[in-house]
Amino acid sequence: MRNGLSKDLIARVLGGAPKYTLDELETKFPARNLPEGAMVTRFAPSPTGYMHLGNLYSFLIDYKLAQQSNGIFLLRIEDTDTKREIKEAVNVVIKALSDFGIKYNNDEQYGPYYQSQRKDIYHSVAAYLLEKGLAYPCFLTQEEMDDIREKQGLAGIATGIYGEFARDRDMSEEDIIKHLDNGETPTIRLYSMGDPNKRIYFKDFVRGSISLPENNEDIVLIKSTDRLPTYHFAHLCDDHFMRITHVVRGEEYFGTVALHIQMFRMMGWQLPNYIHTATLDKIDEETGKQRKMSKRKDPENNIAFFLQEGWPTESVVEYLGNILAPGYEEAKLKGQVRCFWDYELKPKKIPGSGSLFDMKKLEWWAKEYIATLPVSELVKNVVDWANEYGNEDNKKQVADVPYLTSVLSIERDNPKRIRKDFITWQQTLSEVSYFWDFLFNANKEYEYNKDVLREFLATYNANDDKDSWWNKIVAVAEKCGVKPGEVAMNLRVAMTGRTNTPDLYSVMQVLGGERVKERVNMIL
RNA sequence: GGUCCCAUCGUCUAGCGGUUAGGACAUCGGAUUCUCAUUCCGGUAACACGGGUUCGAUUCCCGUUGGGACUGCCA
């Protein structure tokens, strides 16, 4: 602790007098009146214009915890990095939440929810700290700090502004005034009294009891460039005054917990519960090693990728849900729960080690999910996808909804035996492309038995039921001296250009008599 | 370099001192009177290593190795 600054000096240092006292803030943002056990969580992304899988993983946990405890889930925009701000980026965040069916409840009383609009709050808390001698203005320039870091690096000691390197820690009011008169804007730094030789103990919901060395860095609380708070200070102020009970964040924040605990204790505020999640990884193609998913290298790390390719968002939720709530899949297979939102997530079970993202397993979830959909829902999803993300061909495919419906209805009547070859909305359309003449490619390579095709045409009647249709195939086979399967295969290739298709009779019914004849004649 | 986290089949995991180490995905076989898909049946496949503690370690402790995160006026 150092000498506290006078009120006038605080106002000069902060660029204005604080608007609130601590007591006023406590009254303005009172403890929430919620039932026992209700969790208040928040998703707090910085708006970069890009939402990655880690974000999704994180807000799924946040939302789930609030949902299952009858708590509250908030969205807070961490837009304090003015250098990196990107227009429209907030919309990307909001769209991501809504695409995945997540609703947030930003009740007005605890707002605003943009950190850039909460300056009064941060400055009021900073003023309190300045007054108590728990923080101080620091006039170190970027160059000076770079020098310090370099020297520390050379000496092999921890980098940062601490101890003897914290030049302005105990600067007198007179000197502070001199710097101010000189037109300099200070950063506000924490006056750290931590001793790295001592340890700080805490409980993480995922990792259990942990201890870390105390923090002795005089970290920046308020930046000089824009007078906005750093992450650490915003976390302190916002998670306290928004009355967040459970802070879910990536493991990259794990090392800063000692600092955060130090700050909460300094304020005499109740510490939130921490849940530090592990990374989502993949195997690096160049090195063959496991590594965190990367924005630059991995297109599938971008949530938008899954929307563009038409993955059912529900299946992505199921897949990630099973990772963050191990046991979910088993419960679902046993019929104990219908979907992820019915399954209780136990914070202690959230994995503490990185998971490899497994596209094959996602595909399985997607197939399973689509197979449970009524045809009308399938059609709706495919149509919506095509209109938003599809190419011109896709849009033409979905123009005739009744026809699309009959195409997608094939082999869907028996709930126990629904085909599972649809993975994404996009892939669904390409899977059935041969049903549209403008996409149909007659197969010229195949060595047709043209006698078979001629014989078939001679007796074909589009109105035949399945049995009569099959009986005719058998008859053609006998007449031509081949197996019925060969007749079917000749027809299949002629109809679709492919050797693998769903039930041939159904395909031909949907195609219709005219098209069937037309396509056979194209070969003959 | 410093600090911290993690470690069961290829992948995601169950296990909480005594189990034939279980499930799912993937993979490989077999069955299902038209291919494929589906469905059903079956198989291959794991406790990183070394020390302890214990009558007994996958499980508890220590070390090694391996992987990861952090080390910014970014979050």
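It should be emphasised that the depicted structure is a prediction, and the values quoted were computed from it without experimental measurement. Atom set for the values below is all heavy atoms of this structure, side chains included, hydrogens, waters and symmetry mates excluded. Every chain is numbered from 1, with letters handed out A, B, ... down the list of sequences.
Where G354(A) and F254(A) each meet RNA chain B at their nearest nucleotide, the meeting point lying more 5' is that of F254(A). Between R417(A) and G352(A), the residue anchored closer to the 5' end of RNA chain B is G352(A), taking for each the nucleotide with the nearest heavy atom.
Between the side chain of R207(A) and the base of rC6(B) there is no donor-acceptor pair of N/O atoms closer than 3.5 Å. For rA26(B), its base never sits under 3.5 Å from the side chain of K361(A) at any donor and acceptor pair.
Between T499(A) and V493(A) the shortest side-chain heavy-atom distance falls below 4.5 Å.
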Protein within reach of the bases, or only the backbone? For nucleotides 70-75 of chain B, mark each nucleotide 5' to 3' as B, S or -, using heavy atoms under 4.0 Å.
SSBBBB

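The CE atom of M495(A) sits 18 Å away from the P atom of rU35(B) (whole-angstrom rounding).
Using a 4.0 Å cut-off between charged side-chain N and carboxylate O, D451(A) and K479(A) make no salt bridge.
Side-chain nitrogen and oxygen atoms of K420(A) include at least one within less than 4.0 Å of the OP1 or OP2 phosphate oxygen of rU39(B).
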Mind running salt bridge (Lys or Arg N to Asp or Glu O under 4.0 Å) on D281(A) and R291(A) for me, showing each step along the way?
CA-CA 5 Å; D281(A) 303 343; R291(A) 46 150 251 254; over 6 Å; no

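For E150(A), the CD atom sits in a loose shell: 12 or fewer heavy atoms of surrounding residues, nucleotides or ligands are nearer than 6.0 Å.
Under the side chain to side chain contact (heavy atoms under 4.5 Å, CB included) rule, R189(A) has a single partner from I161(A), D168(A), I222(A), which is I161(A).
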